[in-house]
There are 2 protein chains.
Amino acid sequence: MNLFWERGYNGASMKQIEQALDMRPGSIYATFGNKDGLFGEALAAYAQQGGVDLQEHLAGFASVLDGLQSYLRHVARRSSPEEVSPSRACMIVKTLLEASNTNTAIADQANAILGVIEQSLTDLLEQAKTRGELMPDTNCARLARLLQAQLIGLRSFAQRDISAEKVRELADDMAAILDYYRARH
Amino acid sequence: MNLFWERGYNGASMKQIEQALDMRPGSIYATFGNKDGLFGEALAAYAQQGGVDLQEHLAGFASVLDGLQSYLRHVARRSSPEEVSPSRACMIVKTLLEASNTNTAIADQANAILGVIEQSLTDLLEQAKTRGELMPDTNCARLARLLQAQLIGLRSFAQRDISAEKVRELADDMAAILDYYRARH
DNA sequence: TCTTTTTTTGAATGATTACTCAATTACACC
DNA sequence: GGTGTAATTGAGTAATCATTCAAAAAAAGA
């Protein structure tokens with residue numbers, strides 16, 4: 001997963017995969033079918049890990065919106081140039097952009113995952129609306145897409161050769177956007 | 001340029017490039033050096049074209065902020081699934097994500113281009129501030145990065161299998177963010 | 001028109017690609 | 001310990017990768 005995340009589908013050769021897994025070709029193909037199958041499992045593992053990360057983070061907050069704002073800053077911290085990570089950018093977005101016109105199966109998988117994430121965010125925002133955190137007329141599905149676009153933008157921006165502070169500032173500015181949707185008390 | 005934009009650096013083979021250019025290997029290598037050199041010229045051409053597009057669009061507006069908001073919607077229209085384009089996503093971002101851990105030279109070029117764009121946006125926002133369109137205490141460099149992240153997020157989001165209307169809505173919501181930075185009269 | 005320079009051609013290069021399979025090793029059950 | 005099943009090995013496959021270069025063609029200069 002880390003190798004694919006770092007180098008992308010085409011950038012990771014079977015030779016490098018053999019080394020990363022400490023497995024020989026035959027075992028790899030017996031286990032995963034082919035490179036697509038292996039990549040698919042890696043991407044699914046990445047997505048699941050990301051889902052757990054979001055859920056764990058939100059668990060520490062009584063307010064959904066506070067949790068989402070903190071999550072944006074959390075993502076910025078994890079996408080900081082100081083951190084040691086296979087890539088600062090999101091593996092799902094990297095996959096979507098790389099595979100969209102070259103590998104339909106993989107692009108479809110990335111699309112499906114992003115659809116699930118969008119739905120999760122919608123559910124969370126609906127929950128926030130029910131709790132009175134959001135303005136009553138908020139279109140939660142639409143706001144979820146805006147939020148997802150923020151996460152995509154943040155992490156892709158973080159892939160730039162740029163300081164950690166500027167990434168942090170960006171996350172703060174993105175978090176502030178959510179304030180505009182908060183219910184006035 | 002279109003071939004690289006559509007399929008990415010690794011996704012475009014020299015065979016396909018030969019066909020797209022209607023040139024034989026020797027001529028290609030005599031003209032561009034190698035695949036990296038050719039890709040570099042394609043990316044530079046893409047960036048220049050993008051710069052012209054932004055400039056032309058803003059020329060139709062007396063207000064910088066109005067122009068930028070309209071540009072967001074213009075980008076959404078161009079990134080619509082109905083449009084015939086090599087890719088809905090931005091070639092520069094695609095390159096940044098694909099090359100960051102595999103091809104330093106190309107990643108550096110993408111980084112440099114994004115730096116130039118950031119500076120252009122900063123200049124535009126400074127101009128808006130001078131004209132009294134923005135709140136006087138606006139941090140234009142920081143807002144420029146937020147705006148760039150919106151453009152990155154919008155076009156990457158548009159690469160999803162999603163309706164044109166939802167992309168349009170997203171662009172509207174992003175444009176609305178700029179309103180929060182407008183000077184109150 | 002002849003000569004020189006430049007450009008184009010396309011077959012051939014070695015390296016690398018994803019992938020296969022007969023042979024071998026390891027494991028599980030009695 | 002013996003036997004059958006499952007998993008692993010790694011040399012080897014054909015195809016494709018980016019790239020080269022001597023020969024041919026085209027263009028430029030005299």
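Throughout, a chain's letter reflects where its sequence line sits, starting with A, and its residues are numbered from 1.
Among residues at least two apart or in separate chains, side-chain hydrogen bond (donor to acceptor under 3.5 Å, both in side chains) pairs with a member in residues 125-136 of chain A are A:Ser63-A:Glu133.
Listed by chain and number, the residues in a side-chain hydrogen bond (donor to acceptor under 3.5 Å, both in side chains) with A:Ser80 amount to none (sequence neighbours excluded). Looking at residues two or more places apart in sequence or on another chain, you find no side-chain hydrogen bond (donor to acceptor under 3.5 Å, both in side chains) involving B:Asn139. For B:Glu41, there are no side-chain hydrogen bond (donor to acceptor under 3.5 Å, both in side chains) partners, not counting sequence neighbours. Annotation: side-chain hydrogen bond (donor to acceptor under 3.5 Å, both in side chains) contacts of A:Arg88 (sequence neighbours excluded): none. Evaluation of the ring-ring contact (aromatic ring centres under 6.0 Å, His included) rule for A:Tyr9 yields A:Phe39 as partners, not counting sequence neighbours. With sequence neighbours excluded, no residue forms a ring-ring contact (aromatic ring centres under 6.0 Å, His included) with B:Tyr29.
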List, with names and distances, any nitrogen or oxygen atoms from the protein found under 3.5 Å away from nitrogen or oxygen atoms belonging to nucleotides 6-10 of chain C.
{"unit_1": "C:dT9", "atom_1": "OP1", "unit_2": "B:Arg24", "atom_2": "NH2", "d": "3.2"}
{"unit_1": "C:dT9", "atom_1": "OP2", "unit_2": "B:Arg24", "atom_2": "NE", "d": "3.4"}
{"unit_1": "C:dG10", "atom_1": "O6", "unit_2": "B:Gly26", "atom_2": "N", "d": "3.0"}

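Within residues 34-44 of chain B, the residues that place at least one heavy atom under 4.0 Å from DNA chain D are, in residue-number order, B:Asn34, B:Lys35. Within residues 12-19 of chain B, the residues having any heavy atom under 4.0 Å from DNA chain D are, by residue number, B:Ala12, B:Ser13, B:Met14.
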Where protein sits on nucleotides 22-29 of chain D, one letter per nucleotide: B base, S sugar-phosphate only, - none, heavy atoms under 4.0 Å: --------
What donor-acceptor contacts under 3.5 angstrom involve side-chain atoms of residues 161-170 of chain A, with partners at least two apart or in another chain?
{"unit_1": "A:Ser163", "atom_1": "OG", "unit_2": "A:Lys166", "atom_2": "N", "d": "3.2"}
{"unit_1": "A:Glu169", "atom_1": "OE1", "unit_2": "B:Arg145", "atom_2": "NH2", "d": "3.2"}

